[in-house]
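This report refers to the structure that appears directly beneath it.
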Amino acid sequence: MVALPAWAPLRRRAFRALWTAQFVANVGTWAQTVGAQWLMGDLGGGELAVALVQTATTLPVFLLVVPSGALGDIVDRRRLLLTGQAFMGVGAGALAILTAVHLMTPWLLLLLIGVMAVGQAVSVPSYQAIQPELVPRDEIPLAAMLNGANMNLARAAGPALGGALIAAVGPAATFAFNAVSFFGVLLVLYRWDRPPDRRPLGSEHILSATRAGLRYIRNAPRFATVLARSALFMVFASGLWALLPAVARDQLGLSAGGYGLLLAGVGLGAVIGTVVVPGLRDRIGTGAMVNLAMAVFGGTMMAVGLSGSTIVVVGVLLVAGIAWIGVQSTLSATAQMLLPAWTRARALAYMQFVFMGGQALGALGWGAVAEGSLTAAFVIPAAGLLVATLISVRALPLPEARFDVTAVRHWPEPAGAMSVDSEAGPVLVMVEWPVEPAHAETFGRLMRQRMRRSRRRTGATLWGLFQDTGDRCLFVETFTVATWHEHWRQHVERGTVGDRDLETEARGMLLPGAKPHVRHLIWV
C-alpha cells in the first residue's frame, strides 16, 4: 500500500475550503486569547486570574459539549455549526466594543469569554463528526493531523498578530479581528452542499440520544481507552497553556510580543510535527506514538518551569508543539475511526468533555499551585505526566487494528413489526442458539465478552445468556430494549459491518443446517 502524502485531504474541495476558513478563525481565536490574557494582567489580575481565562474558555464546553454532541446526531450538523459560529462571532464583537469604551472588568471579561465558549460547545462535536464526510476513510488520520496543524499553525500566527495589535491599538483590536474572522467559516458552511441526513425513523429526542451515546461508550472498550488516555494527558498538560503567560511576564520578563514568540514556537513545532508524526506513527504504531509524545511533552514542561532563558524556552516549546500534535492528532483520528456515523457526534463530544474538562480543572489547579510557586506548577504536572505515561503503556493500550463501522442492515424484519405501537415497551428479545458441542465453551465466551457489548452499544439495556439444563448445547440469549421504536433503530440504523461479522462468527458455531430462532415480546 502506497503511503499517502500528509497534505492529501487538502485535494478535497470541501475539506480545503473549510480548513482554510477555519485557519483564519483559529488565528483570530489565538489573537483574542493573547488579548484576553494580557488584558486580565492589565486589569490587575494575578497568576490565578490569568489562568481563569483558560477556565472560562473551556468550562462551558466541558458542561455543554455532551448534550451538544447528542444534538449533532439528531439535527442537521451544518445548521448547528452555523449557529455556533454566529454565536461566537457576536460574543467577540461584544468583547471588542466593551473593551474599546473602557467598560471591561475582570469578571465581565471572564463572563463574555464563557458566553463565546457556549458557541464553541455547540460547534466542536459536529465539526469533528463531519470530517469523515469530507475525506475518504483512509485519509481520516491525515485530516486529523492537518486539523491539528491548523490549530497549531494558528497558534504560531495568532499570538504574533495579537501582540502586534495590542502594541499598536490595544486588546480591543484582537477581539475585533476575531469577530470578523468568523465570517469566512460562516460563508463556507452556508455554501457547503451537504447531503441530507438519512434517518428512516426520524430524529431522536435529545435525552434519549444522550443516554444512547453514554450507553455506547460504556460498551465500547476501545473508545473508552482513547477517552482515558486523553483525560490523563490533559489534566497534566493543561498547566503549560494556562501558565505560559505568567512564564512570559514574570519568569522571563517579556512583553506581549514576547509571549507571542513563545506561542509561535509551539505552533512552529506543530507544523513540523505534521510532517514528522505520520511517518513515525506508521513505523512504531499508534500506541507507541502516543506514549513517546506524552513522555516528551512531560519533559518539555519540566524544562520550561526550570529555565530562565528565553531562547531555551522557545526551543523547548518547539519540541512541545511536535509532541502535542503527536498526542492529539493520533487520539482524535483513532476515535473517529472507531465510531459509526449514528453516534459519532455524541461520542466525540465525550472526547471534548474530557479534553476541555482537563484543561478547565487543570488550569484551576495548577494556577492555584502557581500562586505559591510557578516552578512547582510546571515540575509537578510534568512528573505526573511521565508517571501516567508509564502506567498507561500496560494499563491502557491503544487499539492498533482498523475496525469497519460502516452502517449495514443485517437483521431481518421481525414478524408483525408494523403493527406494534412504536412507544410500546420494554421489548424482550430472545434468541435460541443450537450450538455444536465442540464449540459450546468458545460460543459462551464469545457471547459474554463481545456479543453482550454489541447488543448494548446499539440499544439493549439488559443482556443475559442462559444454557438449557436438559440440552447443554442449547443457549438462549436475552436482551431488553426500552421501546419498540428503539429496537427498530437497532434493526434499521445502528448495525455495522463489525456487528454483522460478529453474528456470522457466532452462526458458524451452530449445528449443521441450524439457524438461531428469534422471538420478540412486548411488556403487557
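Being a predicted model, the structure only gives us computed values, none of them experimental. Keep in mind that the numbers below use all heavy atoms, side chains included, and drop hydrogens, waters and symmetry copies. All residue numbers refer to positions in the sequence shown, counting from 1.
- Remark: M104 CE to L112 CG distance equals 5.5 Å, nearest 0.5 Å.
- The OG atom of S230 sits 12.0 Å away from atom CG of L396, with the distance rounded to the nearest 0.5 Å.
- We find the CG-CE distance between L240 and M302 to be 13.0 Å, quoted to the nearest 0.5 Å.
- Distance check: L95 CG to N178 CG gives 8.5 Å after rounding to the nearest 0.5 Å.
- The shortest heavy-atom contact between A237 and M301 is CA-SD, 3.9 Å.
- Taking each heavy atom of R78 and Y190 in turn, the nearest pair found is NH1-O, 3.2 Å.
- Closest approach of P9 to V135, counting heavy atoms only: CB-CG1, 3.8 Å.
- Looking at Q85, its side chain never comes within 3.5 Å of a backbone N or O of G184 through a donor-acceptor pair.
- Contact between A179 and G89 at its shortest, heavy atoms only, is CB-O, 3.8 Å.
- For the 3.5 Å distance criterion, the side chains of T496 and D499 qualify, holding a donor opposite an acceptor.
- In this structure, the separation between CE on M294 and OG on S392 is 5.0 Å, given to the nearest 0.5 Å.
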Start with the C-alpha gap between F233 and W324, add the side-chain angles, then the distance that decides, and say whether ring-ring contact (aromatic ring centres under 6.0 Å, His included) holds. CA-CA 10 Å; F233 179 67; W324 175 266; 5.5 Å; yes
